[in-house]
Amino acid sequence: MNSIEVSLKMETDAVTFYSEAADRTNYPVGRKMFLSIAEDEKRHIEMLNQLLRGLELTFKEASPVGQVKTIFEQMKDQMMQRVSATSDEMEAFKIAMQMEKEGAAFYRKAAAEASTEKEKKLFERLVREEEQHFAIFSNTYSFMKDTGNWFMWQEHSIVEG
């Protein structure tokens, strides 16, 4: 299998995993976040298929972090309640972080080995988006694991004693 075929398999597996994780997640923000990332992965599949078919690549503007910020803003009141995630949900976030980390590493290598400029640009873009996905999952995992400390660090609060 070449890099594009492997990429298609990785992205398809990611869509399946994130869709299933969304179905199993009780936390509404987490559910919407998984669905949003699944949509990003579907867009990646579309771009990879364009490349595979020799078509001109069309990069749709995407901001994974912006999309998740919108989700968090829309659901701020629900977020302010103490979050209690199940161990399965926490495990899903850990798996997602690992998938995104491995995906970024794969795309970094694929970009370095790309045979055309189009391939290189696409793989470099995928690296950036996978890194953003990792940051989103990592931040959400931290939030769900310890909401109080998450708010303190995110808001750069100073604890006075």
Side-chain angles (χ1 to χ4, degrees), residues 1-49 51-52 59-76 78-114 119 122-154:
M1 265 206 257
N2 66 30
S3 293
I4 297 169
E5 292 168 334
V6 172
S7 300
L8 282 167
K9 173 77 171 114
M10 286 174 25
E11 296 294 340
T12 301
D13 290 348
V15 169
T16 301
F17 176 78
Y18 296 144
S19 298
E20 289 174 3
D23 289 342
R24 293 183 181 145
T25 299
N26 293 320
Y27 181 50
V29 175
R31 184 176 310 112
K32 284 191 174 194
M33 186 193 56
F34 276 125
L35 290 174
S36 175
I37 300 296
E39 289 303 312
D40 277 351
E41 305 297 3
K42 288 177 186 176
R43 188 175 39 74
H44 294 173
I45 291 169
E46 182 182 321
M47 291 186 296
L48 287 160
N49 277 322
L51 186 63
L52 194 60
F59 291 116
K60 293 180 183 175
E61 284 306 309
S63 173
V65 173
Q67 290 168 342
V68 171
K69 279 185 182 179
T70 300
I71 291 168
F72 274 70
E73 287 168 4
Q74 290 171 349
M75 303 183 84
K76 185 168 53 173
Q78 290 173 326
M79 283 181 58
M80 296 307 287
Q81 299 169 5
R82 178 75 177 132
V83 176
S84 175
T86 67
S87 60
D88 287 346
E89 290 170 334
M90 296 303 285
E91 188 62 26
F93 283 107
K94 286 199 278 191
I95 292 168
M97 286 186 290
Q98 187 62 34
M99 287 172 59
E100 296 299 331
K101 185 178 178 182
E102 289 173 6
F106 175 82
Y107 290 135
R108 213 174 277 108
K109 183 176 185 236
E113 297 171 353
E119 281 183 35
L122 176 58
F123 288 132
E124 287 173 345
R125 180 184 175 119
L126 293 175
V127 167
R128 288 189 302 276
E129 289 192 24
E130 299 298 317
E131 287 173 342
Q132 288 179 14
H133 293 167
F134 176 85
I136 289 165
F137 286 127
S138 177
N139 205 5
T140 304
Y141 179 84
S142 296
F143 171 76
M144 293 176 78
K145 188 171 180 173
D146 189 355
T147 307
N149 276 332
W150 183 88
F151 276 112
M152 181 181 76
W153 288 109
Q154 290 302 311

Colleague: With rounding to the nearest 0.5 angstrom, report the CG to CG distance, Asp13 to Leu8.
Modeller: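 Atom-to-atom, Asp13:CG and Leu8:CG are 11.0 Å apart.
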Colleague: Specify the closest pair of heavy atoms between Ala38 and Val15, including all atoms of both residues, with the distance to one decimal.
Modeller: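 Minimum heavy-atom separation between Ala38 and Val15: O-CG2, 3.7 Å.
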Colleague: Going by heavy atoms in the side chains, are Ile37 and Glu100 under 4.5 Å from each other?
Modeller: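 Yes; the side chains approach each other to less than 4.5 Å.
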Colleague: Closest heavy-atom contact between Leu48 and Ile4?
Modeller: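 Distance-wise, the nearest heavy atoms are O-CG2, 3.9 Å.
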Colleague: Could you pull out the closest heavy-atom pair between Val127 and Ala104, with the gap in Å?
Modeller: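 In terms of heavy atoms, the two residues are closest at CG2-O, 3.7 Å.
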Colleague: Taking all non-hydrogen atoms of both residues, which atom of Met10 and which atom of Gly103 are closest, and how far apart?
Modeller: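 Met10 and Gly103 have their closest heavy atoms at CE-CA, 3.7 Å.
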Colleague: Please report the shortest heavy-atom distance between Ala14 and Glu41, naming the atom on each side.
Modeller: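 Minimum heavy-atom separation between Ala14 and Glu41: CB-CG, 4.0 Å.
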Colleague: Would you say the side-chain atoms of Ser36 pair up with the backbone N or O of Lys32, donor to acceptor, closer than 3.5 Å?
Modeller: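 Absent.
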Colleague: Rounded to the nearest 0.5 Å, how far apart are OG of Ser7 and CE of Met47?
Modeller: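 Atom-to-atom, Ser7:OG and Met47:CE are 10.5 Å apart.
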Colleague: To the nearest 0.5 angstrom, please state how far the CG atom of Asp23 sits from the CG atom of Leu35.
Modeller: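 Going from CG on Asp23 over to CG on Leu35, the span is 7.5 Å.
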Colleague: Start with the C-alpha gap between Phe137 and Lys101, add the side-chain angles, then the distance that decides, and say whether side chain to side chain contact (heavy atoms under 4.5 Å, CB included) holds.
Modeller: CA-CA 11 Å; Phe137 286 127; Lys101 185 178 178 182; over 6 Å; no
Colleague: Could you tell me whether the side chain of Met99 reaches within less than 4.5 Å of the side chain of Tyr18, counting heavy atoms only?
Modeller: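 Sidechains of Met99 and Tyr18: in contact.
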Colleague: Decide, yes or no, whether a salt bridge links Arg128 with Glu131 under the criterion of side-chain N to carboxylate O below 4.0 Å.
Modeller: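 No salt bridge links Arg128 with Glu131.
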Colleague: Output the distance between atom OG1 (Thr25) and atom CD (Glu89), rounded to the nearest 0.5 Å.
Modeller: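 Thr25 atom OG1 to Glu89 atom CD measures 5.0 Å (nearest 0.5 Å).
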Colleague: Passes salt bridge (charged side-chain N to carboxylate O under 4.0 Å, His left out), Glu130 versus Arg108? Steps please.
Modeller: CA-CA 10 Å; Glu130 299 298 317; Arg108 213 174 277 108; over 6 Å; no
Colleague: Nearest 0.5 Å please: distance from the NZ atom of Lys94 over to the CE atom of Met97.
Modeller: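 Lys94 atom NZ to Met97 atom CE measures 7.5 Å (nearest 0.5 Å).
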Colleague: Quick one: closest heavy-atom pair of Ala92 and Phe34, and the distance?
Modeller: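 So the two residues come closest at CB-CZ, 4.0 Å.
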Colleague: Under a 4.0 Å threshold between the charged nitrogen and the carboxylate oxygen, would Arg43 count as salt-bridged to Glu46?
Modeller: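 No.
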Colleague: Enter the distance from Met90:CE to Asp88:CG here, rounded to the nearest 0.5 Å.
Modeller: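 Those atoms lie 11.5 Å apart.
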